[in-house]
Each structure stands twice: as structure tokens, then as C-alpha cells.
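Here the structure comes first, spelled out in C-alpha cells, and everything after it is commentary.
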There are 2 protein chains.
Amino acid sequence: MAQSDTVDRILDAAEELFAERGFSETSLRMITSKAKVNLAAVNYHFGSKNALIHAVFARFLTPFSATLESAFDQLEARCDGKPPTLNQTLWALTESAVRMPQRNEKGISIFMRLLGLAYTQSQGHLRKFLEQEYSEPFSRFMGLLKEATPQLSAVDRYWRIQFMLGATAFTMSSSDALQDILRNKLGVETTVQEIAARLVPFLAAGMQAQDTMLTPPAGARLPVA
Amino acid sequence: MAQSDTVDRILDAAEELFAERGFSETSLRMITSKAKVNLAAVNYHFGSKNALIHAVFARFLTPFSATLESAFDQLEARCDGKPPTLNQTLWALTESAVRMPQRNEKGISIFMRLLGLAYTQSQGHLRKFLEQEYSEPFSRFMGLLKEATPQLSAVDRYWRIQFMLGATAFTMSSSDALQDILRNKLGVETTVQEIAARLVPFLAAGMQAQDTMLTPPAGARLPVA
DNA sequence: ATGTGCTTCAAACGTATGTTTCAAACAGAC
DNA sequence: GTCTGTTTGAAACATACGTTTGAAGCACAT
């Protein structure tokens, strides 16, 4: 948690504040005062606020994408020849995320929340940065999904992947708030691992749903007003 | 599309800009210049930026929640006694959203995107506003879901509902961009109705997934490094 | 025409932001 | 110790924001 180097102190503070409040809502002054560092240090070490955002993502995304690649390597090796199943692919992704070495106990949820924010908040510069830095593991994941669901048409698969992304990004991006609600309403504590364990079967079942229902079932239509 | 009244022009512009860029990233000056209205008009007619955000939500959420209530009424009447099925409940919601009278062709995706933002961007004041204004149809929907999935534990159901919300809000909120990609890559046209038709079976299948897998399947674990 | 209540307008206010500046402090090599 | 390149510090910069102000414009009843 506590690095004494200025750069790391800034990254730690920024990561946490970005995850809590989003990018635009977090000012450099909040970051530098939380990091106990001079305001000018951000622009000195990173160049700009946007570059700091990129650095925050790079710090955890680069090791994560390496972990993910090797997880996919091992998975494919174990399946020699046969394409991995949908469940195996989703689990490889989940386990890679969960097993990433964390700087502190909030590590995973910060990680997830930042990924959700990256997708959710428009932030054009961020999306471009992520696309050109991490497109490889992403398209590899897409390829595995395709092999694991040969029964789906390209269009069906496309949309169902979007649904999966949405459920994941959305849930993770508000997971702290959701956990609070759950704690208050049901008196239950939840870890990110448990959320992931609930999410994977949901996604797998949705992905493999039998019918694409192109018209509503009889009797479900509202009468025309 | 084009209302000549100042209040409506502001609401139209704000709605579109908020959906595109989020709340903090949209300034009053952007809104008023898009609406071709004086800057002070927002504070004159609405009182503050936050109150404008509330008004944007109220304008589409109030009629929607009325539509939804009556859809649920009809559904329960048709089922007399028996609880509606999960598919029926989801379809009632979907049809209500799709059939809402829209101000323009982007109506539904703006609507969905705003709902997603309301959940995603922290914006404490918004969450409070929505909770106290629209808790009724929300909890009614939750009640129907509960009756339709008696096999789920409260905690499982809670999380699966979050997953459904996520898949829906996320997909609909970026459906314009997604449709563009689909058109270019696969040469297919897609309507919001068709997306909904693909979404509902996905959600229903995920919601009814058999197992909540609290440990990964054997052989899916990564060897310890 | 005159007065009245509501609406628009240009301008300014105070505050917060990201960024820059330049002198001071520091560390390591000679 | 002195020089050199790097890092920190306090202060200022320019800009953008939400909000407020007070005069001007307008519609309409009297």
C-alpha cells in the first residue's frame, strides 16, 4: 500500500480515487493531497492528467494481459486440438482476474471498477489507448468464444457477447454500491470472487440459450391502446 | 423533435448531451448553445443543473412508469391468481419500453443509456431522486421476478437481477454504435425491437441457470505459479 | 397608453480546474 | 566543496464552470 516513491504514491492515490469517483470527478488536487505530494508532481512525472489515467491502466492491465495470455496458452495446451468449452474460457478469464497479485485487499474491486468505467464513461482518449495497447488478448478471447459456440449464428453470437460484456462491466463498475445495498437489505457480505462465481454460470447459460425469440410469445403483447 | 418552447428545447438538448457524454462532462453552456437558448435560462426555469438532470429523468420516467404499471396490471389480470412467468414479466417490461411514444428515432437508446448512466455515475442526488420518485414500479417488478423464480435464493436472485440490468442498460445504451459495427462487419440491419428479442431469451436463460458455481470446475484452475 | 408579470439577454461573479513557471532543495560524480 | 542534472515547492496562469444580476423585451389586461 505505502510506496515512498512519488510516482507510485500518485498512482496509488489516483487509482483509488478514480475507482471511487470516476475520472472527470477526480481532480489533480484531490490526488496529490491524498498522495501527500506536490500538485506539480503529476504534470512533471506524467505530463498530463490523461497520461496519468493511461499510466493507472497500464500498471495493472499489462501484467493482467500477460497472465491472461498464459492462461489461454495453458487452456489450449490442456485441450490439445479440441477447442476449449465456453465454461473453461470464461473461467480462465475470471481466474486470471481474481488471481492477479493485488496491492491491497481492495485491489480486485478497484481493478474491476476501473475496467467498467473505461467502457462506460466515454473518455475517447482512454478507449483509443486501450484498443491499441491491448487488442491482442481481447481478440484472442473473442476467437475462443467463437470456437466454443459454433451453434450460434455470427449475429446471435455478436449480440450475446455484448450482453455478457454489459452484465460484467455494469456489475463490476458499481459493485461497491451494490454490495452496500446487499449488506443493508440482506445482511450478507460478498467478495468479488463470489460475484464472479455467480456471474459465470449466468453468462454461460445466457450464451447457450436455445431460442432467439424473434416475436413475443402469444399473449405477451400489449393490446394496442 | 423541434419544440419551440424554451423549457422543452433545453430538455431535448440536455437529454441528448447527457446520454452522449455523461452528466459532469456536459456543461450548461453546451446545453444552452445546442438548444439555442440563453445560458441563464436553465437556472431560471429549473433552478440548478442538478434540478435539470432530475427534470430530464422525470420527463420520460413518469409516463414510462405509468405504462409499466398498466402492463403489469393486465399481465396479472390475465394470469388470475397464478404468478406470471419470468418470460411474461420480462416481455411486459420490454414491450412497455419499446412501445413508449418516442420523441425521435433515437428515443429508446437515449432512454436506456440515461438509465445506465444513472446507475453507473455516482451522482448521489440522482439516485436519491429516482429512489423516492419511482420506487413503486421498481419494487413491483422485483416482486414479480421473485414470484417467477422461487427456486433462487434471495442473494442469487439479487445478483442475477443486477446482471440482467447490466446487460440491458449497457447494450441499449450503446446500441447505435453496436448497430454500426454490425452493419459494417456482417452487413446486417438491426432494430431495437430485434435486439430486445435477442436479449430477453438471454436474460431468461441466465436467470434460470441451474448452478451457482461457487468453485471453478475441476481442471479449470490455473496451476499455482 | 400604461402598467404588470413573466421571460430573455449580455455581462459579470466567485470558484475550481489543468497546466506552467522558476527558484529552492537534493543527490551523486568529480 | 563544487558542479550538474533531477526532483520538489509555492505561486501564479489561463480557462471553464455553475450561478447571479439587473436591465431590456414582450404579451396582455386595464
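Since the structure is predicted, the reported quantities are computational estimates derived from the model, not experimental observations. Worth knowing before you read on, the calculation uses all heavy atoms, side chains too, and leaves out hydrogens, waters and symmetry mates. Proteins come first, then strands; the chains are lettered A, B, ... in the order of their sequence lines, and each starts at number 1.
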Starting at NZ of A:Lys49 and ending at P of D:dA16, how long is that distance when rounded to a whole Å?
15 Å
Whole angstrom value for the distance that separates P of C:dT7 from CZ of B:Phe46
12 Å
Measure the distance from CG on A:Asn43 to P on C:dC22 and round it to the nearest whole Å.
16 Å
Look at all strands and tell whether B:Thr26 reaches a base, only sugar-phosphate, or nothing, counting heavy atoms closer than 4.0 Å.
sugar-phosphate
Check this one for me: any side-chain N or O of B:Ser27 less than 4.0 Å away from OP1 or OP2 of D:dC17?
yes
Within this structure, what is the CG-to-P distance between A:Asp5 and C:dA27, rounded to whole angstrom?
13 Å
Which residue lies more 5' along DNA chain D, comparing A:Lys36 with A:Arg29 via nearest heavy atoms:
A:Lys36
Counting side-chain heavy atoms from C-beta on, which of C:dG18, C:dT20, D:dT19 comes nearest to B:Leu28?
D:dT19
Distance-only donor-acceptor check, side chains B:Gln162 and A:Thr171, under 3.5 Å
no
Which class fits the ring pair B:His125 and B:His54: parallel under 30°, tilted 30 to 60°, perpendicular over 60°?
tilted
Looking only at the side chain of B:His45 (C-beta and beyond, no hydrogens), which of the listed nucleotides D:dT8, C:dT8, D:dT20 gets closest?
C:dT8
Result of checking B:Val200, B:Leu203, B:Leu199 against B:Thr94 for side-chain contact (heavy atoms from CB on, under 4.5 Å)
B:Val200
Given D:dT19, C:dA10, C:dT19, which nucleotide is nearest the side-chain atoms of B:Asn38?
C:dA10
Does a nitrogen or oxygen in the side chain of B:Thr6 sit under 4.0 Å from OP1 or OP2 of C:dT8?
yes
Ring-plane angle category for A:Phe57 and A:Phe23, please: parallel below 30°, perpendicular beyond 60°, tilted otherwise.
tilted
From the options C:dT8, C:dT19, C:dA10, select the nucleotide whose nearest atom is closest to the side chain of A:Leu39.
C:dT19
Out of D:dG18, C:dT17, D:dT8, whichever nucleotide has its closest atom nearest the side chain of A:Met30:
C:dT17
Which whole-number value in Å describes the distance from A:Ile10 CD1 to C:dG18 C1'?
14 Å
Ranking C:dG18, D:dT20, D:dT19 by distance to the side chain of B:Ser48, first place goes to D:dT19
Classify the ring geometry of A:Phe111 against A:Phe64: parallel below 30°, tilted from 30° to 60°, perpendicular beyond 60°.
perpendicular
Closest approach to the side chain of B:Tyr44, judged atom by atom: which nucleotide of C:dC6, C:dT19, C:dC9 is it?
C:dC6
Report which part of the nucleic acid B:Ser24 touches: base, sugar-phosphate, or nothing (heavy-atom distance under 4.0 Å, all strands).
nothing
So if I take every side-chain heavy atom of B:Ala40 and compare against C:dT21, C:dT8, D:dT20, which nucleotide ends up nearest?
D:dT20
